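These values consider heavy atoms only, across backbone and side chains, with no hydrogens, waters or symmetry-generated copies. Quick caveat: nothing in here was measured; it's all calculated off a predicted structure.
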Amino acid sequence: MTSTSSASTTPTTVTAAASGRWTLGDLPVNRIGFGTMRLPQTGGALVPDAVPRDRAAALAVLRRAVDLGVNHIDTAAFYFSPLRSANELINSALAPYADDLVITTKVGPARDLTGRWAAHARTPEALRGQVEENLRQLGRDHLDVVNLRIVGTDSIAERFGALAELRQAGLIRHLGLSNVTPAHLAEAQAIAPVVCVQNRYGLGMRSKDDAFVQECGAQGIAFVPYYAIAAAGGEAGATGAEPAEVLAVAQAHGVGPAEIRLAWTLHQGPHVLAIPGTGDPGHLAANVAAGALSLSEDGLKLLDGLHRSATTG
C-alpha cells in the first residue's frame, strides 16, 4: 500500500510504524511484526520433506522487513527445513542486531534432526537446553522474549518456573505463553510476570476466546495471534475461498483479503499485535501496509458478524 501527496507524485511507502506501538515489558515494538515460520521453506511449514527456500531470497525478505520498520520478529528453533533454519537466517541477515529489534522465540515443542516431531520439553533441563539452542543459533547472550508453548490443560507451574529461573539468571529478559487458557495465564503470573500471550486467533477463528483477548488487554498483556491470515489453513497457509464478507470489505478498501484479516486483527485492541509471515517481498509490503488500514464502521460490523457466527478453530 502506498500513498501519494498532492504536492508530489512520489509514492510514500507505508512502514510498520503506522500500525502503532505496544511495549513487551520494557521493549517497545511496532504492532505489525514478522513471523518466520514460513521463511525456511516454500509450501507447508514444519514438515520433514519441505522444500528449502532460496537462501538469498530469505535473507532479503528479513532485511526488507526491517527496512519497512518491523522491529518485532517471531521465531523458534524448531522452525527449520532441510538446509534452512529460521534462527540462522535471522542471525545471518540481521546481526549485529539493531538496539530496537525485539526477537521473540518459543520453547516446548521439539523436532528431531529429520524434521519429525519429538516429545515436548517438559523438564527444566530440556527447557534450558532449548533456550541455550536458541541463544547459539541467534548469536545472542540473552533472549528478549521466550514464550512457553504448551499442549493440553495440565499445570504449567514447573515448566514456567524453570523459565522464570533462567530469567533470573539473565538468559531471558521477558516471558510469555503460547496456546494457553486463562487458567494457565493466572498460574504463570503467580510465578513471574507475563508480557504476552500467543494463541491461535483471527477473523472467524475462536470467537469463544474474544473475552480472553480483551482480558489480556485489561491486564496490559500483549495478545499475539498466530495464523491470523492462514486461518483454518494453519501451517499449510491460506486455503479455500474467502467468505463474501471479507471480499466485500477488501473491495471497498481496494486491498486484498489478507490485509483485511490483519486490519481486523489489529482493530481488536491496541494490545493486539500481528506477526504475519511470508517469503514474498510483495506480500511483506502489503502485510506491513495493512497496519495503516482503518476499517469503516460498516466494514467492521460486517466482519464482526462473520467472526461471531464462525466456528473454525
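- Residue pairs meeting the ring-ring contact (aromatic ring centres under 6.0 Å, His included) criterion with at least one member in residues 157-197, sequence neighbours excluded, do not occur.
- Scanning for salt bridge (Lys or Arg N to Asp or Glu O under 4.0 Å) contacts around Glu133 gives Arg136, with sequence neighbours left out.
- When all heavy atoms of Asn71 and Asn30 are compared, the closest pair comes out as OD1-N, 2.8 Å.
- Sorted by first and then second residue, the salt bridge (charged side-chain N to carboxylate O under 4.0 Å, His left out) pairs involving residues 141-158 (not counting sequence neighbours) are Arg122-Asp154, Arg140-Asp144, Asp154-Arg159.
- Distance check, rounded to the nearest 0.5 Å: CD of Glu165 to CD1 of Ile191 gives 10.0 Å.
- Between Asp26 and Arg173 there is a salt bridge, with a side-chain nitrogen of the basic residue lying less than 4.0 Å from a carboxylate oxygen of the acidic one.
- Shown are Ile156, Thr181, Leu177; of these, the side chain to side chain contact (heavy atoms under 4.5 Å, CB included) with Ile150 is made only by Ile156.
- The side chain to side chain donor-acceptor pair (under 3.5 Å) contacts involving residues 285-298 comprise nothing, where partners must be two or more places apart or lie in separate chains.
- The two atoms that bring Cys216 and Leu185 nearest to each other are SG-CD2, 4.3 Å, heavy atoms only.
- Although no hydrogens or angles enter the test, the distance criterion places no donor-acceptor pair under 3.5 Å between the side chain of Arg31 and the main chain of Ala17.
- Applying the salt bridge (Lys or Arg N to Asp or Glu O under 4.0 Å) criterion to Glu125, with sequence neighbours excluded, gives no partner residue.
- Applying the ring-ring contact (aromatic ring centres under 6.0 Å, His included) test to every pair with at least one member in residues 61-102, sequence neighbours left out, gives these pairs: Phe78-Trp117.
- With sequence neighbours excluded, the residues forming a side-chain hydrogen bond (donor to acceptor under 3.5 Å, both in side chains) with Ser155 are Glu187, listed by chain and number.
- For the residue pair Ala289 and Val14, the shortest heavy atom distance occurs at CA-CG1, 3.8 Å.
- Placement of Val180 and Val107 within a single hydrophobic cluster is found when ILVMFWY residues are connected by side-chain heavy-atom separations under 4.5 Å, directly or transitively.
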side-chain contact (heavy atoms from CB on, under 4.5 Å) between Asp210 and Tyr201, intermediate numbers included: CA-CA 9 Å; Asp210 289 350; Tyr201 182 79; 2.6 Å; yes
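- In this structure a side-chain-to-backbone donor-acceptor pair under 3.5 Å is present from Ser19 to Ala16.
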Table please: side-chain donor-acceptor pairs of residues 274-284 below 3.5 Å, with sequence neighbours left out.
from, atom 1, to, atom 2, distance (Å)
Thr278, OG1, Asp280, N, 3.0
Asp280, OD1, Gly282, N, 2.8
Asp280, OD1, His283, N, 2.8

Going by atom type alone, with no hydrogens or angles, which donor-acceptor pairs under 3.5 Å involve a side-chain atom of residues 262-273 and a protein atom two or more places apart or on another chain?
from, atom 1, to, atom 2, distance (Å)
Trp264, NE1, Asp304, OD1, 2.9
Thr265, OG1, Arg261, O, 2.9
His267, ND1, Ala263, O, 2.7
His267, NE2, Leu295, N, 3.3
Gln268, NE2, Trp264, O, 2.8
His271, NE2, Val213, O, 2.7
His271, NE2, Gly217, N, 3.3

Test side-chain contact (heavy atoms from CB on, under 4.5 Å) on Val249 and Val246; report intermediate values, then the result. CA-CA 5 Å; Val249 178; Val246 175; over 6 Å; no
Verify side-chain contact (heavy atoms from CB on, under 4.5 Å) between Glu245 and Leu302, making sure each step is shown before the conclusion. CA-CA 6 Å; Glu245 295 90 338; Leu302 191 63; 3.8 Å; yes
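- Annotation: salt bridge (Lys or Arg N to Asp or Glu O under 4.0 Å) contacts of Glu88 (sequence neighbours excluded): Arg55.
- The stretch residues 94-120 participates, sequence neighbours left out, in these salt bridge (charged side-chain N to carboxylate O under 4.0 Å, His left out) pairs: Asp74-Lys106.
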Run Asn147 and Thr105 through side-chain contact (heavy atoms from CB on, under 4.5 Å) and show every step you take. CA-CA 6 Å; Asn147 288 319; Thr105 191; over 6 Å; no
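- For Arg21, there are no salt bridge (Lys or Arg N to Asp or Glu O under 4.0 Å) partners, not counting sequence neighbours.
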